[in-house]
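Notes follow the structure.
All values below were derived from every heavy atom in this structure, side-chain atoms included, with hydrogens, water molecules and symmetry-related copies excluded. None of the values given here were measured: they were computed from a predicted structure.
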Amino acid sequence: MTSSSENPPEGNSFAICYLKGDLFSCPEKDALAHCISEDCNMEAGIAVLFKKKYGCVEELQNQKKKTGEVAMLQKDQRYIYYLITKKVASDKPTYDDLQSSLKAMKNHCLNNGVLHISMPMIGCGLDNLEWDKVSAIIQEIFENTNIIITVYSL
């Protein structure tokens, strides 16, 4: 695995780190995050792997989260965040909806002591968002926290 990071500003320990490797090989206590639609379809992209590994689709659907919110599961010592970035799987997310979902995730993290999140380049695979814009949104939302986000790519 190789890694790099964007250094945090003075006064907090927020950072975005980059690793080449399998997202699911991240430390057991790291929260995981990825994007899905309101219908919790998860039939394409990395969402298929989350569905296969963690299941609980009905539990996620029962949370009745809307676009711009975050659904979550807790497995052992880990939270799994499902950023709801679009209404149905065939839609494409907007940066505003992604931003709202990320803010909801940040609030949950702060309220529950989550300090490490591992994720893919969210929204940038099948959803076609641009990582430069997505990473700038992440930086803005998490900049005054002590949360470290590790972004995995193969």
Side-chain angles (χ1 to χ4, degrees), residues 1-3 5 14-131 133-135 137-139 141-142 145-154:
M1 279 194 237
T2 58
S3 68
S5 67
F14 167 72
I16 299 177
C17 303
Y18 294 88
L19 281 178
K20 286 213 179 287
D22 179 1
L23 172 65
F24 297 106
S25 70
C26 73
E28 286 181 19
K29 291 184 182 179
D30 281 17
L32 292 171
H34 72 116
C35 299
I36 65 169
S37 54
E38 282 183 34
D39 59 13
C40 303
N41 190 359
M42 295 188 279
E43 296 294 328
I46 198 167
V48 172
L49 300 177
F50 275 86
K51 183 178 177 181
K52 183 177 181 181
K53 187 165 182 67
Y54 298 108
C56 299
V57 174
E58 189 174 336
E59 182 179 339
L60 290 166
Q61 290 169 328
N62 289 340
Q63 293 178 35
K64 299 188 183 325
K65 297 294 183 174
K66 300 295 181 198
T67 301
E69 298 178 340
V70 64
M72 72 202 73
L73 297 174
Q74 186 171 4
K75 299 287 184 180
D76 300 317
Q77 302 172 51
R78 163 181 283 170
Y79 287 104
I80 303 120
Y81 294 111
Y82 296 79
L83 302 164
I84 312 295
T85 59
K86 54 193 179 180
K87 186 144 184 73
V88 295
S90 59
D91 288 349
K92 296 295 180 204
T94 66
Y95 291 102
D96 286 344
D97 288 335
L98 177 62
Q99 182 176 37
S100 295
S101 294
L102 285 165
K103 285 179 181 176
M105 179 175 73
K106 178 188 90 169
N107 290 337
H108 185 273
C109 289
L110 294 175
N111 290 330
N112 292 277
V114 175
L115 295 175
H116 298 274
I117 304 168
S118 289
M119 65 175 64
M121 288 185 169
I122 56 172
C124 298
L126 298 174
D127 283 337
N128 296 323
L129 297 180
E130 295 175 31
W131 181 249
K133 292 179 183 176
V134 171
S135 64
I137 291 168
I138 293 170
Q139 192 90 29
I141 290 170
F142 288 89
T145 72
N146 291 317
I147 296 169
I148 296 171
I149 296 176
T150 304
V151 179
Y152 283 76
S153 61
L154 294 175

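- When side chains are defined from C-beta on, Leu102 counts as touching Leu83, because their heavy atoms get closer than 4.5 Å.
- Pairing each heavy atom of Tyr95 with each of Glu130, the nearest pair is OH-N, 2.8 Å.
- To the nearest 0.5 Å, atoms CG (Asp76) and NZ (Lys29) are separated by 11.5 Å.
- Closest of all the heavy-atom pairs between Ser101 and Val70 is O-CB, 4.2 Å.
- Cys40 places none of its side-chain heavy atoms less than 4.5 Å from the side chain of Tyr82.
- Atom CE of Met119 and atom CD1 of Ile149 lie 4.5 Å apart (nearest 0.5 Å).
- Counting only heavy atoms from C-beta outward, the side chains of Met42 and Lys52 never approach each other to under 4.5 Å.
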Could you walk me through whether Asp96 and Thr94 pass the side-chain hydrogen bond (donor to acceptor under 3.5 Å, both in side chains) test, one step at a time?
-> CA-CA 5 Å; Asp96 286 344; Thr94 66; 5.4 Å; no
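- Taking the side chain as every heavy atom from C-beta outward, Ile46 and Leu126 never approach each other to under 4.5 Å.
- To the nearest 0.5 Å, atom OH of residue Tyr81 and atom SG of residue Cys35 are 14.5 Å apart.
- Using a 4.5 Å heavy-atom cutoff, the side chains of Ile80 and Lys53 are not in contact.
- Between Val134 and Leu129, the shortest heavy-atom distance links the atoms CG2-CB, 3.9 Å.
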side-chain contact (heavy atoms from CB on, under 4.5 Å) between Cys17 and Ile148: does it pass, once the steps are laid out?
-> CA-CA 7 Å; Cys17 303; Ile148 296 171; 4.0 Å; yes
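- Note that the CD1 atom of Ile84 and the CE atom of Met105 stand 12.5 Å from one another [nearest 0.5 Å].
- Heavy-atom contacts from other residues, nucleotides or ligands closer than 6.0 Å to CD of Glu28 number 12 or fewer.
- At least one side-chain heavy atom of Glu38 sits under 4.5 Å from a side-chain heavy atom of Lys66.
- Gln63 contributes atom CD, which lies 6.5 Å from atom CG of Leu73 (distance to the nearest 0.5 angstrom).
- Partner of His34 under the ring pair (Phe, Tyr, Trp, His ring centres under 6.0 Å) criterion, out of Tyr54, Phe24, Phe50: Phe50 alone.
- In this structure, Lys87 places its NZ atom where only 12 or fewer heavy-atom neighbours from other residues, nucleotides or ligands lie under 6.0 Å away.
- Side-chain contact between Cys56 and Lys75 is present, with heavy atoms from C-beta onward closer than 4.5 Å.
- Rounding to the nearest 0.5 Å gives a distance of 9.5 Å between CD1 of Ile137 and OG of Ser100.
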Worked verdict on Phe14 versus Ile138 for side-chain contact (heavy atoms from CB on, under 4.5 Å) = CA-CA 10 Å; Phe14 167 72; Ile138 293 170; 4.3 Å; yes
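- Here the closest non-hydrogen pair linking Tyr152 and Gly21 is CD2-O, 3.7 Å.
- Between Cys109 and Ile117, the closest side-chain pair of non-hydrogen atoms falls below 4.5 Å.
- Considering all non-hydrogen atoms of both residues, Leu60 and Gly55 come closest at CD1-O, 4.4 Å.
- Here the shortest heavy-atom pairing between Asp39 and Ala89 reads OD2-N, 3.5 Å.
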